[in-house]
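All figures in this text were calculated on a predicted structure; none of them were measured in a lab.
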Amino acid sequence: QVQLVESGGGLVQPGDSLRLSCAASGFTLDYYSIGWFRQAPGKKREGVSCISSSDGSTYYADSVKGRFTISRDNAKNTVYLQMNSLKPEDTALYYCAAMSRRSRGYYPYCDSSGMDYWGEGTLVTVSS
């Protein structure tokens, strides 16, 4: 069974850090581009960060550049999102998603429309 499971969310104060994990089962992440997306209440889903399967290139939304870092551990079949200097505006449900190389032929690697698999999300709340 193909599955993506996010973990690591929680309630933190502004300025704190969290590391989100996205563990895959039923398929090998090596061959997939992985993206982190988030959706805050009343807002559209937005792409936060993505990492390409082909050359390891990365994308970061302007709002998180310099604060968030995406990485992958293929041996653990897991992708991480290190989030530092968290702000209240980072509060959202964070999802990871995977894009196959086949879909990559049709979509940019951080396009949510091209993602083949989605996790159910982990909630991040940043509040004092």
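- Cluster membership check: Phe27 does not share its hydrophobic cluster with Tyr109, using side-chain heavy-atom separations under 4.5 Å among Ile, Leu, Val, Met, Phe, Trp and Tyr.
- Here Thr28 pairs with Asp30, Tyr31, Asn77 under the side chain to side chain contact (heavy atoms under 4.5 Å, CB included) rule; sequence neighbours left out.
- Looking only at side-chain heavy atoms (C-beta outward), Glu120 and Val5 stay at 4.5 Å or farther from each other.
- Under the 3.5 Å distance criterion, the side-chain polar atoms of Asp16 are matched with a main-chain donor or acceptor of Gln13.
- In this structure, the side chain of Arg101 does not engage the main chain of Ser54 through any donor-acceptor pair within 3.5 Å.
- Using a 4.5 Å heavy-atom cutoff, the side chains of Trp36 and Leu20 are in contact.
- The shortest side-chain heavy-atom distance between Phe68 and Leu81 falls under the 4.5 Å cut-off.
- Judged by distance alone, with hydrogens and angles left aside, the side-chain atoms of Glu6 form a donor-acceptor pair with the main-chain N or O of Gly121 at under 3.5 Å.
- Side chain of Arg67 to backbone of Ser85: a donor-acceptor contact under 3.5 angstrom is found.
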| task | Start with the C-alpha gap between Asn84 and Ser17, add the side-chain angles, then the distance that decides, and say whether side chain to side chain donor-acceptor pair (under 3.5 Å) holds. | result | CA-CA 4 Å; Asn84 298 329; Ser17 297; 2.9 Å; yes
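- Using a 4.0 Å cut-off between charged nitrogen and carboxylate oxygen, Lys65 and Asp62 count as a salt-bridge pair.
- Using a 4.5 Å cut-off between side-chain heavy atoms of Ile, Leu, Val, Met, Phe, Trp and Tyr, with links allowed through other members, Tyr80 and Val64 fall into different hydrophobic clusters.
- The hydrophobic cluster containing Met99 also includes Phe37, Leu93, Tyr95, Tyr106, Tyr107, Met115, Trp118, Leu123, under a criterion of side-chain heavy atoms closer than 4.5 Å among ILVMFWY residues, counted directly or through chains of members.
- Panel note: side chain Thr91, backbone Val126; a donor-acceptor pair is recorded below 3.5 Å.
- Counting non-hydrogen atoms of neighbouring residues, nucleotides and ligands closer than 6.0 angstrom, the CD atom of Gln3 exceeds 12 such neighbours.
- Here the closest heavy-atom approach between residue Ser103 and residue Gly114 is recorded as CB-O, 3.4 Å.
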| request: Tell me, with the steps shown, if Met83 and Val124 meet side chain to side chain contact (heavy atoms under 4.5 Å, CB included). | output: CA-CA 10 Å; Met83 307 188 297; Val124 173; 3.8 Å; yes
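- The closest donor-acceptor contact from the side chain of Tyr94 to the backbone of Gln39 lies at 3.5 Å or more, if one exists at all.
- Of the possible donor and acceptor atoms, one in the side chain of Thr78 sits under 3.5 Å from a partner among the backbone N and O of Lys76.
- A donor-acceptor pair is defined here as one N or O able to donate and one able to accept, closer than 3.5 Å; such a pair exists between the side chain of Ser33 and the backbone of Ser53.
- For Tyr32 (side chain) and Asp116 (main-chain N/O), no donor-acceptor pair under 3.5 Å exists by modelled atom type.
- The distance from atom OG1 of Thr125 to atom CG of Asp90, rounded to the nearest 0.5 Å, is 11.0 Å.
- Taking both residues in full, the closest heavy atoms of Ser128 and Pro14 are given as N-CD, 3.7 Å, listed atom of the first, atom of the second, then distance.
- A distance-only check finds a donor-acceptor pair linking the side chain of Ser49 to the backbone of Tyr59 [under 3.5 Å].
- Residues Arg45 and Ser112 have side chains in contact (heavy-atom distance under 4.5 Å, counting atoms from C-beta outward).
- Residue pairs satisfying the disulfide (SG to SG under 2.5 Å) criterion with at least one member in residues 10-64, sequence neighbours excluded, are listed as follows: Cys22-Cys96, Cys50-Cys110.
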